[in-house]
Amino acid sequence: MSAVPLIVVTSLWGIVGVIVPWFVPKGENRGVIQVMLVTTAVCCYIFWLCTYMMQMNPLFGPQIENKTLTLIWSNKW
Amino acid sequence: MIDMEAKFEKLENELKEVNTNAEALKKTFLELTELKHILSKTQIFFDEQEQSLETESYQGLLVPYEIRASGGILQLSFVAGVILRERLPLFERMLWRVCRGNVFLRQSEIDVPLEDYVTGEKSNKCVFIIFFQGEQLKTRVKKICEGFRATLYPCPETAAERREMSIGVMSRLEDLNKVLEQTKDHRYRVLVNAAKDIKLWISKVQKIKAIYHTLNLFDLDVTQKCLIAECWCAVSDLDRIQLALRRGTERSGSTVPSILNRMNTQETPPTYHNTNKFTRGFQNIVDAYGVADYREVNPAPYTIITFPFLFAVMFGDAGHGLLMALFGLWMVVKEKTLSAKKSDNEIWNTFFNGRYIILLMGTFSIYTGVIYNDAFAKSYNIFGSSWSAPPKEDKDPNLYPEHIQLNPLEHFSNSSYPFGIDPVWQVASNKILFLNSYKMKVSVILGVSQMLFGVLLSFLNHRYFRQPLNIVCEFLPQLIFLLAIFGYLVVLIFVKWVTFDASQSSCASSLLIMLINMFLMTYPKDPCYLKEMYNGQRYIQTGLVIIAVVCIPWMLLTKPFVQLYQWKQKLHKMTQHSPIEENAGEIEDRVNQHHSGTSHGESDGEFDFGNVFIHQAIHTIEYCLGSISHTASYLRLWALSLAHAQLSEVLWTMVMRIGINASLQYGFLMMYFIFAAWAVLTIGVLLIMEGLSAFLHALRLHWVEFQSKFYGGGGYMFVPFSFKAILESAEKEDI
C-alpha cells in the first residue's frame, strides 16, 4: 500500500491548518482567519481520510456489465 | 429646522395662491364659454323663429318677440342659461307644472363637455331659453332655475348686440386662455423645483424626527438644567465616543461640554458582535435562532466554515458546486454596483446578502464533489483506477460473457484511490450499496465530531463565567457520556476499516448490531459477524457502558444537591454573624455568579430546590436522549447526498443521453433542445431546489444538534442609533 497519497494530503492540510495560521498578518481579522484555516483543515482532512481509509480494504467489489468491462479491459477507459 | 419650516410655509402659500388664482380663472373661463354657447344657440333659436315666420304664418303661444308688426303681438321676456343635461327633463316638467304651461322652453345641447372649475370634471350641459310673460312668471322661473342650479346669463335682445357680445366674448376667451396657460406653466415650474429637493427634505425631516424621538428618552435633570441619558455602548468604542462628543460640542459652538460617565449596573447588557461585510451573513444566520447571551461563546466564527462544509457534504457535486461558486463570485466581485441598484425584490436581496455564504458553499461543494468523484453525475479517472478487469475466459476479444462482480482479492490493486472515491464505482450497478455504507459512516463521524466540539465550547463558557460547579457537574459527565458511547463507535468504525478485508468479508463485524449488543450486554458467538472484533472487547465495552450509565445520575443529582449544600452553608454563616457586615461580603461574591444558572433557583433569600432539580432533570434527559437522536439525525448528510447524486444521475441518463445517442442527421438539432432542457432542470431542480434543501438541513444541524450542546441564545441585540437604519426602515414602510 503506497504511503505517498497519505503523506502528501496530510502534509498539505497540516500546512494549511498548523503552519499558515502563524503567518496571518496582524489586524482585526486575525483571529477569524486563523479559526477559518484550522476549521477548514480539520474538516477537509477528516473527510479525505475517511474516504481513503474506507477504500483500503474493500469488502466487496463493483458489479460491472460486460460492455463496460470490455472497455476497461482494452484500456480504453 | 426653523429654516426648513419657513421654506415649507412659503412654498405652501405660494402653491395655494396659484391654485386659487387658477380656480378663479377657470371659473371665469367657464362662464365665458357658456356665454359663448348661449349666444350661438340662441342665435339659432331666433333664426329658426324668423324662418318659420317667413314660411308659414305662426299663431299660438310662440310669437316672436321681435317687434315686426306692431299691435297684437305680445311682449315676451326671456331668460337664457345653461343647465346640466341630466337635470333637463326634470327641469322642463317642473317649469310646466309650476307655470301652468305658460312658459316655453327651448333647449339645445352643448357638444363639448365643459370642465368644472372646482373638481376638474367634465360634464355635459345644455343651453336653454325660456320665454314667458309677466313679472310673476319671471320670479317663478328664476326661482326654479336657482333650485336646479342652472346658471343664467344676460342675453341681449337684438341680433346686432348679440353679435357684438359674441365677438367680445371670443376675444376675452382667448386672453383668458393665454393667462390660464401661463398660470399652469408657472405652477408646473414651481412644482418641478420643489420636486428636485423633496427627497433631500424628506430624509432630513426623518433624521430630525428620529433625533427628537431619541431626545425624548433623555431625562431632564432639574437641578442642573441639563439632559441625562443612560445608554449602552461598547467598551472598546469608549474613546471614539469621547472624541465624537467633543467634536459635537465644537461644531454646535456651545461652551458646555457633554460628559460621558461609566456606571455599574445589575442589568444584563445587550449583545454586540463586531462584524464586517463577510462575517455579517454568518452572524445573521446564527442570530436568527437566538441572539447570544451577553459574553457567551459566539458560534459564528466556526459556523463560517462548518456550515458550508456540511452543506457541501449534502450537495456533493463538483459541477454544480462550480456553478454555485461562480454565481457567488459574480455577486461578490460586482458588490458595489449591485448594492447601488437598491432592488425591491426580496428574493434577490436575500441571495445578495448571502453572497459570501453562497461563494463558500460552492467552493466546498467543489471539494466534496471531487472527493465523491461526481461532476454532473460523471466520474473522472485522474490517478488510475485501483480496480482492473479480469482476464477473459475465451479468446473472443469483443465481449465478456456475462456481468461480473469484481473480486477485491483478485482484481484490486491493494491501494486506495489517492483522492476520493474510485471512478469505477460510477459505472457499477452496486454503486449505491457501497456508497451507502461509506456515507453513513462519514455522517456519524462528522456528527460526533461536531457534537464533541459543541460540548468543548460549553467548557469555555463555564470557564469564562467562573462556574466550576458546572464544569464538574455538567461538562465532565456530558463529555464522558458522549465519548464512551459515540466516541467508541467512531473508533470502532476506523478499526473496522483497517482490520477487515475481503478475505473475511462474510465475517466483517456489523457495527450497528454490536452497538446494540453492547447495551444489552450480550456477546453471541454464533454468526461470525457478531463475534468479538478484538480480544477483551467484552470487558472494555461493559466498562464503557457502566461508565456511561454512571454519568447519568452524576449529571442529574450532583448539581442540585451541591447547590443546596452551599445554600445551607450560607444561611448558617448568616445566622452566626451580624447581618450588616455579611451582606456586603456576600453581594460581592454573588455578582459574578449572577448571570449563570443559579438565577432560576435563587431569588432574594429563597432557594427553590424543587425548581432546580426539575431543571436539572430536564437538562439531563435532554442531553442523554439527545445524544442518541442527534447522532442519528446527522444521517441526513447521507440521505441528502444520496438524493442529490441520484437526481443528477437521472437527469443525465434520461435527458442528456437521449441527445447524445441520437442519430447523426438530427442529433445536433435534438442536442440543442435537449441541452436546454437539461440545463433548465439542472439549475431549477438541482441547484435551486436541492441547494435550498441542503441549506435548510445544514442550518438545522447547526441550530439544533450543534448549538444545543452549549448555546444559551437568550440575549438581546445591541441596536445603536443609526441614520442609515432609520432611513432604510422608513423607506420600507412607504413601500
Side-chain angles (χ1 to χ4, degrees), chain A residues 1-13 16-17 20-21 24-25 27-77, chain B residues 274 276 279 301-302 304-306 309 313 367-368 371 381 385-392 397-408 411-412 414-422 424-425 427-431 433-434 437-438 441-442 445-446 449 494 497-502 505 508:
Chain A
M1 196 188 80
S2 156
V4 169
L6 188 64
I7 295 175
V8 169
V9 178
T10 308
S11 48
L12 170 73
W13 290 118
V16 168
V20 175
V24 176
E28 56 176 17
N29 290 327
R30 184 163 202 238
V32 175
I33 297 182
Q34 284 175 330
V35 164
M36 280 170 66
L37 285 169
V38 173
T39 324
T40 313
V42 167
C43 290
C44 294
Y45 182 63
I46 292 182
F47 200 53
W48 172 84
L49 188 68
C50 292
T51 316
Y52 188 77
M53 284 180 74
M54 185 219 26
Q55 295 182 102
M56 276 176 2
N57 299 314
L59 297 175
F60 59 91
Q63 188 176 42
I64 310 182
E65 59 169 41
N66 44 13
K67 285 192 219 159
T68 323
L69 267 181
T70 318
L71 284 171
I72 297 178
W73 183 81
S74 46
N75 278 333
K76 287 219 169 69
W77 179 55
Chain B
N274 207 347
N276 56 23
T279 54
Y302 312 105
I304 297 180
I305 296 293
T306 56
F309 181 68
V313 171
Y367 179 76
T368 56
I371 293 208
N381 189 3
S385 172
S386 308
W387 296 83
S388 50
K392 286 209 299 270
N398 290 325
L399 210 56
Y400 276 85
E402 58 193 40
H403 305 276
I404 297 185
Q405 176 158 16
L406 300 183
N407 189 346
H411 309 123
F412 180 60
N414 275 333
S415 69
S416 202
Y417 190 72
F419 200 82
I421 301 265
D422 201 299
V424 75
W425 290 105
V427 297
S429 31
N430 59 351
K431 164 176 85 154
L433 204 59
F434 180 73
S437 152
Y438 159 65
K441 295 193 171 107
V442 165
I445 292 174
L446 288 177
S449 314
F494 278 104
W497 277 343
V498 174
T499 54
F500 286 94
D501 68 359
S505 64

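Here the structure is a predicted model, which means the values were calculated and not measured. In what follows, every chain begins at residue 1, and chains take the letters A, B, ... in the order their sequences are listed.
- When heavy atoms are compared at a cutoff of 4.5 Å, A/I46 approaches chain B solely by way of its side chain, counted from C-beta outward.
- In this structure, the separation between CZ on B/F500 and CG on A/L59 is 8.5 Å, given to the nearest 0.5 Å.
- Contacts of B/F309 with chain A are made by side-chain atoms alone, with heavy-atom separations under 4.5 Å and no backbone atom involved.
- Atom-to-atom distance recorded for A/E28:CD and B/N274:CG is 6.5 Å, nearest 0.5 angstrom.
- When all heavy atoms are compared, the tightest approach of A/P58 to B/A502 is O-CB, 3.5 Å.
- With a threshold of 4.5 angstrom between heavy atoms, B/Y438 approaches chain A through its backbone and through its side chain.
- Neither the backbone nor the side chain of B/S437 comes within contact range of chain A; no heavy atoms are under 4.5 Å apart.
- Using a 4.5 Å cut-off between heavy atoms, B/I421 touches chain A through backbone and side chain atoms alike.
- If you measure heavy-atom distances from A/T68 to chain B, the contacts under 4.5 Å come from the side chain alone.
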Considering only distance and modelled atom types, tabulate donor-acceptor pairs under 3.5 Å from the side chains of residues 29-36 of chain A, sequence neighbours left out.
| from | atom 1 | to | atom 2 | distance (Å) |
| --- | --- | --- | --- | --- |
| A/N29 | OD1 | B/N276 | ND2 | 3.3 |
| A/R30 | NE | A/V24 | O | 3.0 |
| A/R30 | NH2 | A/W22 | O | 3.3 |
| A/Q34 | NE2 | A/P21 | O | 3.0 |

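- Residue contact with chain A, scored on non-hydrogen atoms closer than 4.5 Å, involves the side chain of B/Y367 exclusively.
- Note that the CE atom of A/M56 and the OG atom of B/S416 stand 7.0 Å from one another [nearest 0.5 Å].
- Counting only heavy atoms from C-beta outward, the side chains of A/Y52 and B/W497 never approach each other to under 4.5 Å.
- Most heavy-atom pairs under 4.5 Å with chain A, from the set B/P301, B/G420, B/S388: that is B/G420.
- Inter-residue side-chain proximity for A/M54 and B/F434 is flagged as met; some heavy-atom pair is nearer than 4.5 Å.
- Across B/P418 and A/W48, no two heavy atoms sit closer than the pair O-NE1, 2.9 Å.
- Note that SG of A/C43 is 7.5 Å distant from CD1 of B/I305, once rounded to the nearest 0.5 Å.
- Residues A/L69 and B/L406 form a side-chain contact, since some pair of their non-hydrogen atoms from C-beta on lies under 4.5 Å apart.
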### Task
Dump the intermediate steps for side chain to side chain contact (heavy atoms under 4.5 Å, CB included) on A/I64 and B/W387, then the final yes or no.
CA-CA 11 Å; A/I64 310 182; B/W387 296 83; over 6 Å; no

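- Closest heavy-atom contact between B/F494 and A/C50: CZ-SG, 4.1 Å.
- With a threshold of 4.5 angstrom between heavy atoms, B/N430 approaches chain A through its backbone and through its side chain.
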